[in-house]
Amino acid sequence: MPVRSAALATAAGAGLLLLTAPAATAAPHDARLVAESVTVDPTGRIAADGSITLSGTYRCTGGTGPVYVSSTVSQSDPSARYGVGGTRAVCDGLEHRWVNTGTPDTVVLKPGAAHVEATLMELRPMGIVPLPSFHARQGQDVTLTAG
C-alpha cells in the first residue's frame with residue numbers, strides 16, 4: 001500500500017497548500033472593453049427608392065473628439081461593401097440606439113441575406129488633421145426586408 005499512502009500524502013499536501021495560499025483576486029478587466037460596444041439588429045429594411053435602413057445599439061465612454069456609428073452592407077460579394085449613413089454617438093457610458101439610412105450609389109441591393117458591419121469610431125484631434133480611433137466593431141449576418 002505504499003502507492004496509496006503516497007497518493008494520500010500528495011493530496012493532503014495539496015489541500016494544505018490551498019488552505020495556506022492567499023486568496024486570489026480577480027484579474028483587473030479593461031473597463032473600455034466592457035464599456036464600449038456596438039451591435040447590429042438582425043433585420044434591415046430596403047425602401048422602394050432603394051435606400052437601406054440599418055440599426056442596432058452602441059455604448060461608449062467619453063472621447064476627445066466626435067464619435068460616430070458607421071455601417072456598411074454587403075450582399076453577394078463579401079468584398080464589396082457599401083456605406084449606409086452615419087450617426088453621431090453620445091458617449092456617456094449608457095446604451096443608445098443607432099439608425100443609419102443611405103442609398104448605395106453603384107448597386108441595387110435586394111431583400112434577403114446580407115452582411116452588415118457597424119463601427120464605433122472617434123475622430124480624435126491629432127495636430128492639424130483628426131485621426132480615426134476605433135472604439136468597437138461588430139459584423140452581423142442580417143436579413144434585408146422590403147418596406
Problem set entry | Least distance between heavy atoms, P104 atom then Y82 atom | CB-CB, 3.9 Å
Exercise. Do R81 and E117 meet the salt-bridge criterion of a basic N to acidic O distance under 4.0 Å?
Worked result: yes
Exercise. Counting distance only, does the side-chain N/O of E122 pair as donor-acceptor with the main-chain N or O of Y68 below 3.5 Å?
Worked result: no
Problem set entry | Closest non-hydrogen atom pair, Q75 against L144 | NE2-CD1, 3.8 Å
Problem set entry | Residue that, paired with N100, satisfies side chain to side chain donor-acceptor pair (under 3.5 Å) out of T87, T53, T72 | T87
Problem set entry | T145-T43 side chain donor-acceptor pair, cut-off 3.5 Å | no
Exercise. Are the side chain of S74 and the backbone of A80 linked by a donor-acceptor contact shorter than 3.5 Å?
Worked result: no
Exercise. Side chains of T64 and R124: does their closest heavy-atom pair fall under 4.5 Å?
Worked result: yes
For this session: Group every Ile, Leu, Val, Met, Phe, Trp and Tyr by side-chain heavy-atom contacts under 4.5 Å, then state whether W98 and V90 land in the same group.
Result: yes
Exercise. Do H96 and R59 have side chains that get closer than 4.5 Å, going by heavy atoms?
Worked result: no
Exercise. Are side-chain N/O atoms of S51 and D49 paired as donor and acceptor at under 3.5 Å?
Worked result: yes
Exercise. Is there a side-chain contact between P42 and T143, using heavy atoms and a 4.5 Å cut-off?
Worked result: no
Problem set entry | Test: R97 and D41 ion pair at under 4.0 Å | yes
Problem set entry | Residue pair I128 / P130: nearest heavy atoms and the distance that separates them | O-CD, 3.9 Å
For this session: Take I52 and T101 through the side-chain contact (heavy atoms from CB on, under 4.5 Å) test and state the conclusion after the steps.
Result: CA-CA 5 Å; I52 308 291; T101 299; over 6 Å; no
Exercise. When V67 is tested against each of L120, T61, L123 for side chain to side chain contact (heavy atoms under 4.5 Å, CB included), which residue passes?
Worked result: L120
Problem set entry | Value rounded to 0.5 Å, distance of CZ in R137 from OG in S70 | 10.5 Å
For this session: Check L54 against S71 and note the closest heavy-atom contact, atom names and distance.
Result: CD1-OG, 3.8 Å
Exercise. Any side-chain heavy atom of V73 within less than 4.5 Å of one from L109?
Worked result: yes
Problem set entry | Non-hydrogen side-chain atoms of V69 and V38 separated by less than 4.5 Å | yes
